[in-house]
Amino acid sequence: MATRRLRECAAALERHLQPSLFKALCDPSRLALLSRLATCGGSLSVSEASDCCGVHVSGTSRHLKMLEQAGVARAQRQGREVRYELNATALVAALRGLANAIEACCDQDGCCGVDPREETDDAGA
C-alpha cells in the first residue's frame, strides 16, 4: 500500500513540476513582468511592459514570449502590436496543484518528517 502511495505521489509531483514554468519564473525580469501584468488591469504592449523592469524592448519581448510559452501569459496581436496579459487562472492552477501534491506527499506518515497540518511557531526560535 505504501509503495502505491509513493508512486501516486511521485506521479502527482511530476505532473506539476513543469520545467518550462519554473524556467519562466526563475528570472527577476520575468517576475517583474509577471507582476506588472498582474497589476496593470488589462493587457500591455511590449513597449509598455518594458517600462517596469529596465530591460530593452527586444529583451522584454523574449521574456514575455517565455511567459507565454509557460502558459502564464497570453498574447494577442492587434495590428502590428502584440499585447500580453496575465493568464492568472493557469498560474494559480499550476502553483496550487504543486502545493497540493507536495502537501499530499508529506501527509504520509514519516515521509517528510513534518505534518503539514501543524503550524510552526517561529516566534519561539
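Connection of Met66 to Leu95 is not established within any shared hydrophobic cluster, with ILVMFWY side chains joined at heavy-atom distances below 4.5 Å, either directly or through further cluster members. When the side chains of ILVMFWY residues are joined at heavy-atom separations under 4.5 Å, either directly or via intervening members, Val55 and Leu34 end up in two distinct hydrophobic clusters. In the hydrophobic cluster analysis, where Ile, Leu, Val, Met, Phe, Trp and Tyr join through side-chain heavy atoms closer than 4.5 angstrom, Val92 is grouped apart from Leu98.
The main-chain N or O of Ser35 is found under 3.5 Å from a side-chain atom of Thr39 such that the two form a donor-acceptor pair.
Listed by first and then second residue, the salt bridge (charged side-chain N to carboxylate O under 4.0 Å, His left out) pairs that reach into residues 10-20 come to none, sequence neighbours excluded. Among residues at least two apart or in separate chains, there is no salt bridge (charged side-chain N to carboxylate O under 4.0 Å, His left out) pair with a member in residues 88-102. The side-chain hydrogen bond (donor to acceptor under 3.5 Å, both in side chains) pairs that include a residue from residues 49-59 are His56-Ser58, where partners are two or more places apart or lie in different chains. Annotation: side-chain hydrogen bond (donor to acceptor under 3.5 Å, both in side chains) contacts involving residues 61-75, sequence neighbours excluded, comprise Arg30-His63, Lys65-Glu68, Arg74-Glu85, Arg74-Asn87.
To the nearest 0.5 Å, atom OH of residue Tyr84 and atom CG of residue Leu64 are 5.5 Å apart. Note that the CG atom of Leu86 and the CG atom of Leu33 stand 11.5 Å from one another [nearest 0.5 Å]. Between atom CG of residue Asp27 and atom CG of residue Leu31 there is a gap of 7.0 Å, rounded to the nearest 0.5 Å. Between atom CG of residue Leu21 and atom CG of residue Leu25 there is a gap of 4.5 Å, rounded to the nearest 0.5 Å.
Listed here is the closest heavy atom pair of Ser43 and Cys40: N-SG, 4.2 Å. The shortest heavy-atom contact between Ala24 and Ala70 is CB-CB, 3.6 Å. Of all non-hydrogen atoms in Cys26 and Lys23, the two that sit nearest each other are SG-O, 3.2 Å.
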Taking distance alone, no hydrogens or angles, what donor-acceptor pairs closer than 3.5 Å link side-chain atoms of residues 75-82 to residues at least two apart or in another chain?
residue	atom	partner	partner atom	Å
Glu81	OE1	Arg83	NH1	3.2

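Residues meeting the salt bridge (Lys or Arg N to Asp or Glu O under 4.0 Å) test with Arg36, sequence neighbours left out: none.
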